[in-house]
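Here the structure is laid out as structure tokens; the discussion comes afterwards.
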2 protein chains.
Amino acid sequence: MTGRTGRTDRRRSAKPTIADVAALAGVSVSAVSKVMNGRDGISAPTRQRVLEAAAKLRWSPSATAVALRGARTRAVGMVAARSPDVLATDPHFTLLISGIERELAPADYGLLLHIVGEEPGAEERAYRRLAEERRVDGVILTESRIGDARFELLRHLRLPAVLVGTPWQDDPIPAVQAGGQDAGVRAAVDHLLGFGHRRIAYVSGPQDRVHTVFRRQVFETALAERGLRPGRTLSSDFTAQGAVAAMGELLAADAAERPTAVLFANDTMAVAGMNAARRLGFDVPRDLSVVGYDNLPLGELVYPRLTTIAQDLVQLGRAAAAAMFGLLNIPHAQAPPTIHPPHLVPRESTGPVLTGPALTGAG
Amino acid sequence: MTGRTGRTDRRRSAKPTIADVAALAGVSVSAVSKVMNGRDGISAPTRQRVLEAAAKLRWSPSATAVALRGARTRAVGMVAARSPDVLATDPHFTLLISGIERELAPADYGLLLHIVGEEPGAEERAYRRLAEERRVDGVILTESRIGDARFELLRHLRLPAVLVGTPWQDDPIPAVQAGGQDAGVRAAVDHLLGFGHRRIAYVSGPQDRVHTVFRRQVFETALAERGLRPGRTLSSDFTAQGAVAAMGELLAADAAERPTAVLFANDTMAVAGMNAARRLGFDVPRDLSVVGYDNLPLGELVYPRLTTIAQDLVQLGRAAAAAMFGLLNIPHAQAPPTIHPPHLVPRESTGPVLTGPALTGAG
DNA sequence: CTGAAAGCGCTAACAT
DNA sequence: ATGTTAGCGCTTTCAG
């Protein structure tokens, strides 16, 4: 009773193991391992026999065994701290994830996703578990935050991490983003100025996001460079409700003060804001021009079609995954994806400012 | 040189193992194991010491080691065969995933997600890898298909599976769905009939989906029961483009034939269709009523707000995860979530039919 | 060129 | 009540 054969017999028809393959090929398990991992020191005929045996048994190495052995789990993690509702309106994550997967899949890596409500501590717990249970080789972070506590946490947990976006204060965490980040907002401002707008408002995302601050700065700089002072700036929360509230506030001003164009920090807010304006009696783009950010398919769907700033989230996801492989020293065939800088997609929600006795609005 | 201590020394400051905890607590590894797994046969003081040691070392069991040992990976898989673009417009998956995660997280289970384009074979390969590499304990399927090949595949792979939706031909795969599936479409039909509509069209999803056939049947039955014959039925593909095309076709008919109301199989199509109609010169809801399906947040965002049939995808996800735990014999504290039947959410995109000389449209 | 054997961290018999 | 130990399936020295 060697145990080995006993076991094999007992489990007939169950998952084959490397031992089964070795037995069928008439070689040792280490020979099989070498063949499957492309190590050399195996003769062509032997390699051939092993390959055939593996194919016949439909065997492939157990991911868990490999992970236990080599400390490589072949999975990367991602933690999304968002409510289902926001997640559903904003495909930001979804697009990123598609890109990540595109890059992971060919390398036989998986994506372990954790969606953890926004309650404090939940996010940190998720990262801790990922690290302490050694479930993933690294994590991909998004939504760079001001004073981001995650970097320190992950460093402490010794969990490799890649950030999608602009890191806070040149934190040494590897980050991927397109060059020319300011191009989008600048183009939008020029676009609006070209239409004659002079009172342009900005509705930003949550205050704790790095891109909120960054884009607002670009916005203000771009206007200042043209000798104009920025219009009102409100900060919102990425939700439709937030956008409606912001719009209400902006349009409550009297005609002389009221913005004739509004830049929103994402498409969801832009669309919601656009319709809020319409409900208040303002036509888009006749009375008010609206610009979004992200270029989600949603913008094509609505009426009028949304002018927006495109950023290629799928490519960003790919780049993040590629960067992760770099960090882990994993050779990955794919060429490093190029990420285009954000650029303006002019559609129907922007137009010339009306000089006549137009704005009759409010309601 | 026992090796054990040698190792521990060598790796100071690295991840602690169960042996480190045992050493610190002055007990055997099996004692630690028993404490951590709630097995009995451990005295209170010992248990206490172990817990303290584990806490001090911030130790928690390695997921891979546990998986290798017990054939339990503490992860469930999900394969989404969709293009990023569709994924981005349709948060169907995202909502489901939120629900699944809600249920998985407390049990310390993870979700391994695979997004694989729609090219043939990609999906099957993904399931095969999940199974053969023993990466997950089971998989959750969505979008029940006619003649679904996945059931047979998964059975063959011996991979436990739960379907979200209506299984094809009472396939014995465990499935979760709300009772009263027909309630939504019926309510929508009644709602439209109440507004005086008599020519109601239906734009369904892809032909290979079970719910496509099911809902169409309900639609036709509901009308037949009122002594009416169904209007035109087109099948589309869940995309905005598809909806625009369908709308164009429906509105091309002359006024006597033209539908006065259209039911769409999802909200994305409904919104796209609504705006297509508007571009063709038809006002919604004055000239045409539109109803969607899913009750995505999107429907609140657009103008006019979309009347739609709500189904609680988050709850469905939770139920699916719970069912998976049942299948795996894993005790899970949460009470089984209840799923409400689909129901109508009347908003602004539906209204009374115009009898006057209204339809001037087309363009 | 090939094989034997030592673990990776953990759990569950099986001792004690 | 607690400890010892044999694997889970794999990779990797180290010997032949």
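Letters A, B, ... mirror the listed sequences (proteins, then strands); counts begin at 1.
- For the 3.5 Å distance criterion, the side chains of A:Thr166 and A:Gln177 qualify, holding a donor opposite an acceptor.
- Spacing between atom CG of A:Leu68 and atom P of D:dG7 amounts to 17 Å, rounded to whole angstrom units.
- Taking atom CD1 of A:Ile18 as the reference point, atom P of C:dA5 lies 16 Å away to the nearest angstrom.
- When rounded to the nearest whole Å, the span between CZ of A:Arg72 and P of D:dT12 equals 11 Å.
- For A:Arg69 and D:dT11, the CZ to C1' distance is 4 Å, given to the nearest whole Å.
- For the pairing with B:Glu52, the side chain to side chain donor-acceptor pair (under 3.5 Å) check across B:Arg49, B:Lys56, B:Gln48 returns one residue only, B:Gln48.
- OP1 or OP2 of C:dT11 has at least one side-chain nitrogen or oxygen of B:Ser33 nearer than 4.0 Å.
- D:dT11 atom P lies 11 Å from atom CD of B:Glu133, rounded to whole Å.
- For D:dT12, the OP1/OP2 oxygens have a side-chain nitrogen or oxygen of A:Arg39 closer than 4.0 Å.
- Looking at A:Glu152, A:Arg128, A:Glu124 one by one, the single match for side-chain contact (heavy atoms from CB on, under 4.5 Å) with A:Leu157 turns out to be A:Arg128.
- The separation between A:Arg134 atom CZ and C:dC8 atom C1' is 12 Å, rounded to whole Å.
- The bend of the helix from C:dC1-D:dG16 to C:dT16-D:dA1, defined by the angle between the axes of its first five and last five pairs, stands at 50° to the nearest 10°.
- With contacts defined as side-chain heavy-atom distances shorter than 4.5 Å, the pair A:Arg135/A:Arg129 does not qualify.
- What separates CH2 of B:Trp59 from C1' of C:dT11 is a distance of 11 Å, to the nearest Å.
- You'll find the side chain of A:Leu112 stays beyond 4.5 Å of the side chain of B:Leu113, heavy atoms only.
- Proximity of B:Ile140 to B:Ile100: side-chain heavy atoms (C-beta onward) are separated by under 4.5 Å at one or more points.
- For B:Tyr127, the ring-ring contact (aromatic ring centres under 6.0 Å, His included) criterion is met by no residue, not counting sequence neighbours.
- B:Asn37 places its CG atom 17 Å from the P atom of C:dG9, with the value rounded to the nearest Å.
- Open room surrounds CZ on B:Arg58; 12 or fewer heavy atoms of other groups in view lie less than 6.0 Å from it.
- Between B:Ser33 and B:Asn37 the shortest side-chain heavy-atom distance falls below 4.5 Å.
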Each nucleotide N or O in nucleotides 1-4 of chain D that has a protein N or O under 3.5 Å away: list the pair and distance.
residue	atom	partner	partner atom	Å
D:dT2	OP1	B:Ser43	OG	3.1
D:dT2	OP1	B:Thr46	OG1	2.7
D:dT2	OP2	B:Ser43	N	2.6
D:dT2	OP2	B:Ser43	OG	2.9
D:dT2	OP2	B:Thr46	OG1	3.2
D:dG3	OP2	B:Ser28	N	2.7
D:dG3	OP2	B:Ser28	OG	3.2
D:dG3	N7	B:Ser30	OG	3.0
D:dG3	O6	B:Lys34	NZ	3.2
D:dT4	O4	B:Ser30	OG	3.0

